[in-house]
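Residue numbers run from 1 in the order of the sequence given. Counting starts at 1 for both ligands and their atoms, following the listed order.
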Amino acid sequence: MKIAVLPGDGIGVEIVAEAVKVLKALDLKFEMETAPVGGAAYEISGHPLPDATLNLAKSADAILFGAVGDWKYDTLQRQLRPEQAILGLRKHLGLFANFRPAICYEQLVGASSLKPELISGLDILIVRELTGDIYFGQPRGRRTATDGAFPGAEEAFDTMRYTRPEIERIAHVAFQAARKRNKKVTSVDKANVLETFQFWKDVVTQVHKDYPDVELEHMYVDNAAMQLVRAPKKFDVVVTGNMFGDILSDEASMLTGSIGMLPSASLNSKNQGLYEPSHGSAPDIAGKGIANPLATILSSAMMLRFSLNQEEAARRIESAVQQVLSKGLRTTDIWSEGTEKVGTAQMGDAVVKAL
Ligand code: NAD
């Protein structure tokens, strides 16, 4: 089992160190190799995703990724910015399926901005298509408008598009995930306005014929955004396109209280995957030793489950995290009166001890 370890920038370095500590505490044999990515790689080699890092990622069964980015790179030209490393990895490895669970831990019910009864027991999975849609569609750019309200004015445009196979494969992923859960898929679209999403809806409905044991509902994205804060427990698996998924998965993550708790996985058709916390590099707290490492530790559990076929080890990590929370240990982001405040490394050590 070969793992490419890409800590990246900011708190990425601190939180990945804790996940590696936890993986090493398991009685499993891994080959782990570390490489720079993002701003850290730019500093060394002048590119956020150097060939050596990309080749390591391609040769591994899974990638454990921290986070990339820092405000100091905001003035670089777009293709040299740290965030391009993630887009490059997604593209080169064909990571089309993004899994973002939003689980509300009972011990953290009070950390959510929603009423406890709305989110207690929440366990939803957002499956976001990751390599298509308006984020990648061509043509795009700036030009002079020839029609519309202001002919002759400067305008910008993007292209929203999906091919049938792109929708089919993400729909299969969602239905198969639902089979292992509560057997319900909500497909989110904007079929009432967009041709691309009428097509999306039609194709998902056709794929559903292979999964008669799974319930399928269709929902417009505006309604889905509202239902997520009104009655989030109605959802089981949510499948949607790249842009709607980007927005809804962040909304869902905040239901649970802290972004520092949420793992994510991006998989290709060979189950090779990139595993990372849902949050960014948090430059505001980097180097202070206070970042919450649990999202990254839980991402390593997802890695064991989806790419390395080690379900039991995945469960051991998840249960160790639960135990640590039950003992009342909290990093600053999830701390509340009556609980014990700990730093990044102490939290990692506590998970190792619980294992
Ligand atoms: P962010 O997620 O880094 O931080 C948002 C807020 O959440 C900050 O106040 C931060 O301190 C806090 N936070 C985040 N993770 C935390 C953790 N584990 N423990 C405790 N608190 C935590 O988002 P941002 O501030 O908008 O972006 C900062 C940088 O990260 C930018 O350069 C952005 O482009 C980049 N980014 C990278 C990724 C990625 O690598 N996948 C994702 C999002 C943002």
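- Neither the backbone nor the side chain of P82 has any atom closer than 4.0 Å to an atom of ligand 1 (non-hydrogen atoms only).
- In summary, the atoms of ligand 1 found under 4.0 Å from a heavy atom of G69, numbered by their order in the structure, are 32 (O).
- Within ligand 1, the atoms closer than 4.0 Å to a non-hydrogen atom of D70 are 32 (O), numbered from 1 in the order shown.
- Here the heavy atom of the protein found nearest to atom 22 (C) of ligand 1 is I285 CD1, 4.0 Å.
- Relative ring orientation between W200 and Y162 is described as tilted, the plane-to-plane angle lying within the 30° to 60° band.
- Nearest protein neighbour of atom 25 (O) of ligand 1, counting heavy atoms only, is W71 CZ2, 4.4 Å.
- When distances from atom 5 (C) of ligand 1 to the protein are checked, no heavy atom turns up under 4.0 Å.
- In terms of polar-atom proximity, E83 is counted as a contact of ligand 1, with an N or O under 3.5 Å from an N or O of the ligand.
- Note: an N/O pair closer than 3.5 Å links V68 and ligand 1 by distance alone.
- Judged by distance alone, the side chains of Q227 and R230 do bring a donor and an acceptor atom under 3.5 Å apart.
- Side chain to side chain, Q272 and S307 fail the donor-acceptor criterion of an N or O pair below 3.5 Å.
- Cation-pi check for R143 over F157 is met; the charged atom lies under 6.0 angstrom from the ring centroid and within 45 degrees of its normal.
- The minimum heavy-atom distance linking T131 with N242 is given by the pair N-ND2, 4.0 Å.
- For atom 41 (N) of ligand 1, the nearest protein heavy atom lies closer than 4.0 Å.
- For ligand 1, the atoms lying closer than 4.0 Å to a non-hydrogen atom of A67 are 40 (O).
- Considering backbone and side-chain N/O atoms, A282 comes within less than 3.5 Å of an N/O atom of ligand 1.
- Between the side chains of T186 and E217, at least one donor N or O sits under 3.5 Å from an acceptor N or O.
- Taking a cutoff of 4.0 Å between a charged side-chain nitrogen and a carboxylate oxygen, K21 and E18 qualify as a salt bridge.
- Counting only heavy atoms of the protein, atom 7 (O) of ligand 1 lies nearest to I259 CG2, 4.2 Å.
- Residue pairs that meet the salt bridge (Lys or Arg N to Asp or Glu O under 4.0 Å) test with at least one member in residues 22-36, sequence neighbours left out, are D27-R316.
- The shortest N or O to N or O distance between D284 and ligand 1 is under 3.5 Å.
- Atom 27 (O) of ligand 1 is never approached by the protein to below 4.0 angstrom, counting heavy atoms only.
- In this structure, the protein non-hydrogen atom closest to atom 43 (C) of ligand 1 is G280 CA, 3.6 Å.
- What you find for L23 and M32 is that their closest heavy atoms are CB-CE, 3.9 Å.
- The minimum heavy-atom distance linking L49 with T53 is given by the pair CD1-CG2, 4.0 Å.
- Ligand 1 places these atoms under 4.0 Å from at least one heavy atom of A291: 19 (N).
- Checked for salt-bridge contact, D213 and R179 meet the test: a charged N lies under 4.0 Å from a carboxylate O.
- In this structure, atom 19 (N) of ligand 1 lies nearest to the protein heavy atom N292 N, 2.9 Å.
- For atom 15 (N) of ligand 1, the protein comes within 4.0 Å by at least one heavy atom.
- Residue-ligand proximity, I86 to ligand 1, at heavy-atom distances under 4.0 Å covers atoms 39 (C), 40 (O), 41 (N).
- Applying the 4.0 Å criterion to heavy atoms of I11 picks out, from ligand 1, the atoms 15 (N), 16 (C), 17 (C), 18 (N).
- Residues passing the salt bridge (charged side-chain N to carboxylate O under 4.0 Å, His left out) test with R140 are D158, sequence neighbours excluded.
- For atom 29 (C) of ligand 1, the candidate residues are S281, G12, A85; the nearest heavy-atom contact is made by S281.
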